[in-house]
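A quick write-up on the structure given underneath.
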Amino acid sequence: LGGAGSIYALARGGFQLQIRGVSPCIERGITVTYRHRVYFTEGVFASSNPLLREVLQDGVSGRRAKVLVVVDDGVVRAQKGLLEEIEPWFRRHGDVLELVAPPLRVEGGERVKNAYFHVSEIQERIDRGHIDRHSYVIAVGGGALLDMVGLAAATAHRGVRHVRLPTTTLAQADSGVGVKNGINAFGKKNFIGTFAPPYAVINDFAFLRSLPDRDRRAGLSEAVKVACIRDAAFFGEIERRVDSLARFEEVAMQGVIRRSAELHVDHIASGGDPFEFGSARPLDFGHWSAHKLEPLSEFRIRHGEAVAMGMALDVLYSREVGLLDAGSAERILGLLERLGFELYANEFHYADSGQRRVVLAGLEEFREHLGGQLTVTLLRGIGRGVEVHEMDTGVIARAMDLLRERVRGGVGR
Ligand SMILES: NC(=O)c1ccc[n+]([C@@H]2O[C@H](COP(=O)([O-])OP(=O)(O)OC[C@H]3O[C@@H](n4cnc5c(N)ncnc54)[C@H](O)[C@@H]3O)[C@@H](O)[C@H]2O)c1
Ligand SMILES: [Zn+2]
């Protein structure tokens with residue numbers, strides 16, 4: 001070092017070795033293109049339904065593709081006959097597909113994300129089944145199971161093909177069609193995870209028929225969310241169909257799920273930041289407090305329910321700081337209520353030993369999750385999200401009080 005032709009030079013605050021005529025840094029852009037596909041169907045494992053075969057076959061040339069199937073136990077229990085359908089379906093398509101083991105049943109719901117155990121269980125099955133980067137891991141289940149299996153698939157062999165079959169309203173309308181996966185750790189939602197676009201997503205509406213009302217409803221909050229920040233016409237559509245949606249009528253539900261999925265996919269594909277490198281996360285409108293309400297309630301409050309509450313809080317906040325007119329705020333709160341959502345939970349008012357409301361920690365956790373500057377999406381109209389970089393904790397507290405008064409007539413739950 002320091003021989004003929006080399007000198008140390010101070011550049012950009014650090015020492016870089018300068019060789020005459022040679023750049024001190026090799027810099028190249030790396031572009032990776034993904035194809036993101038979300039299909040809609042009914043009865044994906046029915047003997048006459050060729051969709052899954054076509055999707056999987058598309059990615060293999062001249063050999064049988066290995067497949068591992070992981071199924072949400074809640075779905076298995078609710079959909080009698082599902083397991084009995086899966087193995088014969090693969091046998092029928094045995095010329096191109098090889099099921100490496102009987103479908104693996106794993107518990108569903110948030111608990112599955114609260115420990116690493118299940119991720120290593122799936123990875124062990126991937127290893128044992130010799131699933132390689134041209135094989136498939138198919139996950140059938142709610143958003144929580146898909147998040148967990150997605151993480152296992154994205155990390156085994158640095159990423160095997162992951163096909164998602166979401167089985168809840170929320171997962172079909174939002175989480176299952178996205179590119180994120182993960183599990184919870186250290187009391188924080190989605191602390192461990194990756195960005196990994198799935199190989200394909202298949203939304204099978206027949207799965208929704210066995211959902212309890214609570215889970216049928218929960219995902220509708222994410223449709224309202226994306227309408228609020230992106231699409232006033234869609235918001236109007238949800239308003240027009242609110243009575244049918246409150247009764248979970250299939251035509252209305254399917255239309256809303258489809259449009260919500262499309263808006264989420266459009267954002268990922270065209271929003272300019274699919275892997276969230278920046279500080280903004282517009283699709284997480286209402287989520288900074290929702291992500292706190294979930295663990296504070298020990299996950300008794302479902303994600304979609306917490307999002308309805310978190311949106312209600314941020315709608316009132318937007319109104320209180322003069323961003324959103326009172327009429328629009330009322331339309332949004334009214335719509336959520338007519339869909340059957342509760343807009344307040346006592347967890348909003350939980351305080352720590354210093355009398356600070358615990359939910360407020362969600363703001364800093366939200367910032368830290370992305371890094372950089374705090375960026376929260378609020379509303380300046382229906383269909384018009386706006387990014388702000390600070391929130392006044394006094395106004396947040398007032399908005400929480402207003403929400404409590406609205407819902408409980410000033411009395412806690
Ligand atoms: N990755 C993302 O971008 C993203 C986005 C939003 C939400 N999420 C995550 O999604 C999770 C919530 O998912 P969810 O709302 O789908 O709930 P869930 O996965 O927790 O499932 C709720 C319950 O329904 C059962 N179930 C699932 N499908 C069923 C069916 N068809 N019939 C009967 N029972 C069924 C499950 O076993 C579970 O007990 C949260 O962990 C949330 O953080 C992820
Ligand atoms: Zn969400």
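Quick note: numbers below take in every heavy atom, side chains included, and nothing from hydrogens, waters or symmetry partners. First listed ligand is number 1; within each ligand, the first listed atom is number 1. Just so we're clear, the structure is a prediction, and the values are computed from it rather than from any experiment. Here, residue 1 is the first one in the sequence, and each next residue gets the next number.
Among the backbone and side-chain atoms of E222, an N/O/S atom is found under 2.8 Å from the Zn ion (ligand 2).
The protein heavy atom nearest to atom 16 (O) of ligand 1 is T168 OG1, 2.5 Å. Closest to atom 20 (O) of ligand 1, if we only count protein heavy atoms, is G109 CA, 3.2 Å. When hydrogens are left out, the protein atom nearest atom 8 (N) of ligand 1 is S175 CB, 3.5 Å; that is the closest non-hydrogen contact. Nearest protein heavy-atom neighbour of atom 29 (C) of ligand 1: L211 CD2, 3.4 Å. Among protein heavy atoms, atom 9 (C) of ligand 1 sits closest to D147 OD2, 3.5 Å. Summary of contacts: the protein heavy atom closest to atom 28 (N) of ligand 1 is T167 OG1, 2.7 Å. Closest protein heavy atom to atom 22 (C) of ligand 1: D215 OD1, 3.6 Å. Scanning all protein heavy atoms for the shortest distance to atom 17 (O) of ligand 1 gives G143 N, 4.2 Å.
Ranked by closest heavy atom to atom 33 (C) of ligand 1, the top entry among A306, S210, A218 is S210. When Q172, R302, K180 are checked for heavy-atom proximity to atom 3 (O) of ligand 1, K180 turns out nearest.
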May I have the step-by-step check of side-chain contact (heavy atoms from CB on, under 4.5 Å) for R338 and D243, ending in yes or no? CA-CA 8 Å; R338 286 167 70 197; D243 293 331; 4.1 Å; yes
#### Entry: Worked check of side-chain contact (heavy atoms from CB on, under 4.5 Å) between H157 and Q123
CA-CA 9 Å; H157 290 303; Q123 289 169 334; over 6 Å; no
- Item | Verdict with supporting geometry, R230 and D266, side-chain contact (heavy atoms from CB on, under 4.5 Å) | CA-CA 11 Å; R230 280 289 147 86; D266 282 348; over 6 Å; no
Item to complete: Dump the intermediate steps for side-chain contact (heavy atoms from CB on, under 4.5 Å) on V96 and R63, then the final yes or no.
Response: CA-CA 7 Å; V96 287; R63 62 173 202 124; over 6 Å; no
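For ligand 1, none of its N or O atoms has an N or O atom of E294 under 3.5 Å away. Residue V75 has no N or O atom closer than 3.5 Å to an N or O atom of ligand 1.
Here L170 has side-chain heavy atoms under 4.0 Å from ligand 1, and that is the only part of it that gets that close. By the criterion of a heavy-atom distance under 4.0 Å, the side chain of H303, and not its backbone, is placed next to ligand 1. Contacts between E110 and ligand 1 below 4.0 angstrom, taking non-hydrogen atoms only, involve backbone and side chain alike. Only the side chain of K113 comes within contact range of ligand 1, with a heavy atom under 4.0 Å; no backbone atom does. Both the backbone and the side chain of A144 come within contact range of ligand 1, each with a heavy atom under 4.0 Å. At a 4.0 Å heavy-atom cut-off, ligand 1 touches D72 through the side chain alone.
Ring planes of F275 and F277: perpendicular class, angle over 60° (limits at 30 and 60°).
Judged by distance alone, the side chains of H349 and Y344 do bring a donor and an acceptor atom under 3.5 Å apart. A donor-acceptor contact under 3.5 angstrom links the side chains of T41 and N49, judged on distance only. With hydrogens and angles left out, the side-chain atoms of E222 and H303 include a donor and acceptor closer than 3.5 Å. Looking at K189 and H287, their side chains never bring a donor and an acceptor atom within 3.5 Å of each other. Between the side chains of H162 and N181, no donor N or O sits under 3.5 Å from an acceptor N or O. Side-chain N/O atoms of N184 and E294 include no donor and acceptor closer than 3.5 Å.
Here is the list of ligand 1 atoms found below 4.0 Å of a heavy atom in K189: 40 (C), 41 (O), 42 (C), 43 (O). Near A78, meaning under 4.0 Å from any of its heavy atoms, are these atoms of ligand 1: 32 (N), 33 (C).
With I138 as the fixed residue, the side chain to side chain contact (heavy atoms under 4.5 Å, CB included) test singles out one of V44, L52, V70: L52.
For the pair NE2 of H303 and NE2 of H287, the angle at the Zn ion (ligand 2) is about 100°; rounding is to 10 degrees.
Ligand 1 is never approached by G178 to a heavy-atom distance shorter than 4.0 Å.
The number of heavy-atom neighbours closer than 6.0 Å to OH of Y116, taken from other residues, nucleotides and ligands shown, is above 12.
No donor-acceptor pair closer than 3.5 Å links the side chain of T155 to the backbone N or O of R158.
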